[in-house]
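Have a look at the structure below, then the notes.
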Number of protein chains: 2
Amino acid sequence: MENIKLTQDQKQLIERLGVHYERAGLQPAPSRVIALLLVSDKTELTFDQICETLKISKSAASNAINLLLSAGTIDYITLSGDRKRYFRSRVTSWKEETRKSLNTMLGLNTLLQEVLDQRPKSSKEFNDSLQEVITFMEFLHREVDNIFIKWEARKK
Amino acid sequence: MENIKLTQDQKQLIERLGVHYERAGLQPAPSRVIALLLVSDKTELTFDQICETLKISKSAASNAINLLLSAGTIDYITLSGDRKRYFRSRVTSWKEETRKSLNTMLGLNTLLQEVLDQRPKSSKEFNDSLQEVITFMEFLHREVDNIFIKWEARKK
DNA sequence: TTGTTAGTTCTGCAAATTAAGAACTAAACA
DNA sequence: TGTTTAGTTCTTAATTTGCAGAACTAACAA
């Protein structure tokens with residue numbers, strides 16, 4: 001099984017991508033795996049290639065891969081007469097993921113509405129600011145939905 | 001110093017908000033503090049009131065408060081002839097924060113462009129998908145900027 | 001039937017996070 | 001001058017996280 005060679009630049013890029021994913025809340029190992037699958041010349045890598053290239057243990061790789069599989073961030077193909085799975089980045093999942101994380105962000109709004117609903121009328125100034133934020137987030141939410149629609153239309 | 005009473009509903013709402021913030025990457029104690037400042041009837045609470053109401057130690061409160069202060073999530077006022085600081089949620093910071101986290105999200109784009117630039121031409125299909133994602137994210141970024149402009153205009 | 005491949009699962013450790021409690025400090029008061 | 005107040009900082013201590021390494025498994029191969 002041929003092993004993957006990375007240039008210094010590629011290694012650095014993987015680290016930088018890794019940091020980005022970690023900051024977004026992902027664990028270190030999955031972060032590196034997804035970064036590797038984006039950067040390496042080959043786009044389809046086996047379990048062993050991932051372990052070796054990233055210098056992580058099989059258990060770390062197994063957990064990382066399963067996490068990413070169930071999140072839909074990666075998938076794999078197989079070749080007939082070859083028991084190995086070839087893992088690859090599901091690049092197209094990014095649109096969905098962007099959308100999902102936008103929704104999470106904007107999901108705060110529901111909670112803020114509940115907060116406002118239960119607040120005493122007496123804290124008028126505070127309530128008014130809160131109402132403004134809620135209105136803004138609703139606005140943003142609607143507009144973001146429109147952007148996605150606009151994009152789909154534009155693609156045609 | 002009068003102590004803060006919370007209804008069962010308020011306590012639950014604080015926990016739910018707390019979980020939201022934790023999922024967004026904030027530590028538990030700061031998450032509860034900000035939630036408390038949103039939910040409690042009084043919008044301006046002292047250090048001691050925060051400690052007592054949330055049942056956290058002074059050190060936990062001190063660290064949480066300083067974190068939130070330096071993130072701009074809360075601020076405080078003082079009353080003349082009263083050494084205490086009265087902490088409150090900077091509700092208006094949410095627009096900025098929303099924007100910041102959008103930018104972080106969309107900042108992935110710069111990295112993806114770098115990835116694409118260093119990829120071999122041979123992985124054409126992959127590169128094409130990547131290019132599509134980049135184009136989409138650029139589109140999204142521009143549109144989001146427009147939304148903010150539109151909002152500011154609309155407020156007048 | 002024995003071995004090999006492609007992983008998975010289990011056990012345990014090392015490092016990082018988070019908070020408690022106590023000791024400390026700086027300002028204001030008495 | 002000592003005392004109280006409003007915090008801060010320091011030192012543990014308790015979790016939690018994340019991974020290595022080894023043992024395991026299931027499928028196929030020889």
Side-chain angles (χ1 to χ4, degrees), chain A residues 1-4 14-15 18-19 21-37 42 44-71 73-88, chain B residues 1-4 14-15 18-19 21-37 42 44-71 73-88:
Chain A
M1 188 50 46
E2 75 209 288
N3 70 333
I4 302 299
I14 289 173
E15 285 311 310
V19 168
Y21 290 115
E22 286 190 46
R23 288 208 325 166
L26 204 58
Q27 302 156 343
S31 298
R32 297 302 129 77
V33 171
I34 181 174
L36 172 62
L37 290 176
K42 285 204 195 309
E44 288 149 11
L45 302 184
T46 67
F47 185 91
D48 278 339
Q49 288 174 324
I50 291 171
C51 288
E52 282 166 28
T53 314
L54 294 178
K55 294 170 187 43
I56 60 178
S57 67
K58 296 210 291 173
S59 66
S62 177
N63 289 324
I65 286 170
N66 286 322
L67 187 85
L68 294 172
L69 281 174
S70 65
T73 317
I74 65 174
D75 65 3
Y76 61 86
I77 54 164
T78 51
L79 306 173
S80 63
D82 181 350
R83 206 137 57 82
K84 287 188 285 298
R85 289 181 288 174
Y86 290 81
F87 299 98
R88 63 182 183 186
Chain B
M1 187 49 47
E2 75 209 288
N3 70 334
I4 302 300
I14 289 175
E15 286 311 310
V19 168
Y21 289 114
E22 286 190 47
R23 288 208 327 165
L26 203 58
Q27 303 156 345
S31 299
R32 296 303 129 75
V33 171
I34 181 174
L36 172 62
L37 291 176
K42 286 204 193 311
E44 288 149 9
L45 301 184
T46 66
F47 187 92
D48 277 339
Q49 288 174 324
I50 292 171
C51 287
E52 282 167 27
T53 313
L54 294 177
K55 294 171 187 42
I56 60 178
S57 67
K58 296 210 293 172
S59 66
S62 178
N63 289 325
I65 286 170
N66 286 322
L67 188 85
L68 295 172
L69 280 174
S70 65
T73 316
I74 65 174
D75 64 3
Y76 61 86
I77 55 164
T78 51
L79 305 174
S80 61
D82 183 349
R83 204 136 59 81
K84 287 188 285 299
R85 291 182 285 175
Y86 290 80
F87 300 98
R88 63 182 182 184

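To find a chain, count down the sequence lines: A is the first, B the second, and so on, and within it residues start at 1. Model, not experiment: these values are computed from the prediction.
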*Evaluate the side-chain proximity of B:R88 to B:I77: yes if any heavy-atom separation is below 4.5 Å, no if none is.*
yes
*Given atom NZ of B:K58 and atom P of D:dT5, what is their separation to the nearest angstrom?*
11 Å
*Phosphate OP1/OP2 of C:dT8: any A:R85 side-chain N/O under 4.0 Å*: yes
_Atom-pair distance (CD1 on A:I50; P on D:dC19), nearest Å_ = 14 Å
*Which one, C:dA19, D:dC19, C:dG7, comes nearest to the side chain of A:S57?*
D:dC19
*Could you tell me if the ring centre of A:Y76 sits under 6.0 Å from that of A:Y86?*
no
*Provide, to the nearest angstrom, the distance between the CD atom belonging to A:Q49 and the C1' atom belonging to C:dT5.*
14 Å
*State which of D:dA6, D:dG21, C:dT8 makes the closest approach to the side chain of A:S62.*
C:dT8
*Could you state the atom-to-atom distance from CG of A:D82 to P of C:dT4 in whole Å?*
18 Å
*Hey, are the side chains of A:N66 and A:L69 touching, using non-hydrogen atoms and a 4.5 Å cut-off?*
yes
*Roughly how many Å is it from CG in B:N63 to C1' in C:dA20, rounded to a whole number?*
11 Å
_Using OP1 and OP2 only, check whether a side-chain N or O of A:K84 sits under 4.0 Å from C:dA6._
yes
_Measure CD/B:Q27 against C1'/D:dT16 and give the value in whole Å, please._
14 Å
_Expressed as a whole number of angstroms, how long is the span from A:R83:CZ to D:dA26:P?_
13 Å
*To the nearest Å, give me how far apart CG (B:L67) and P (D:dT8) are.*
13 Å
*Reckon A:A61 touches a base, only the sugar-phosphate, or nothing at all at heavy-atom distances under 4.0 Å?*
nothing
_salt_bridge(B:K58, B:E52) N-O dist < 4.0 Å_ = no
*Could you tell me whether B:I56 contacts a base, only the sugar-phosphate backbone, or nothing, with contacts defined as non-hydrogen atoms closer than 4.0 Å?*
sugar-phosphate
*salt bridge (Lys or Arg N to Asp or Glu O under 4.0 Å) between A:E44 and A:K84, intermediate numbers included*: CA-CA 11 Å; A:E44 288 149 11; A:K84 287 188 285 298; over 6 Å; no
*Identify, between A:S59 and B:F47, the residue whose nearest nucleotide on DNA chain D lies closer to the 5' end.*
B:F47
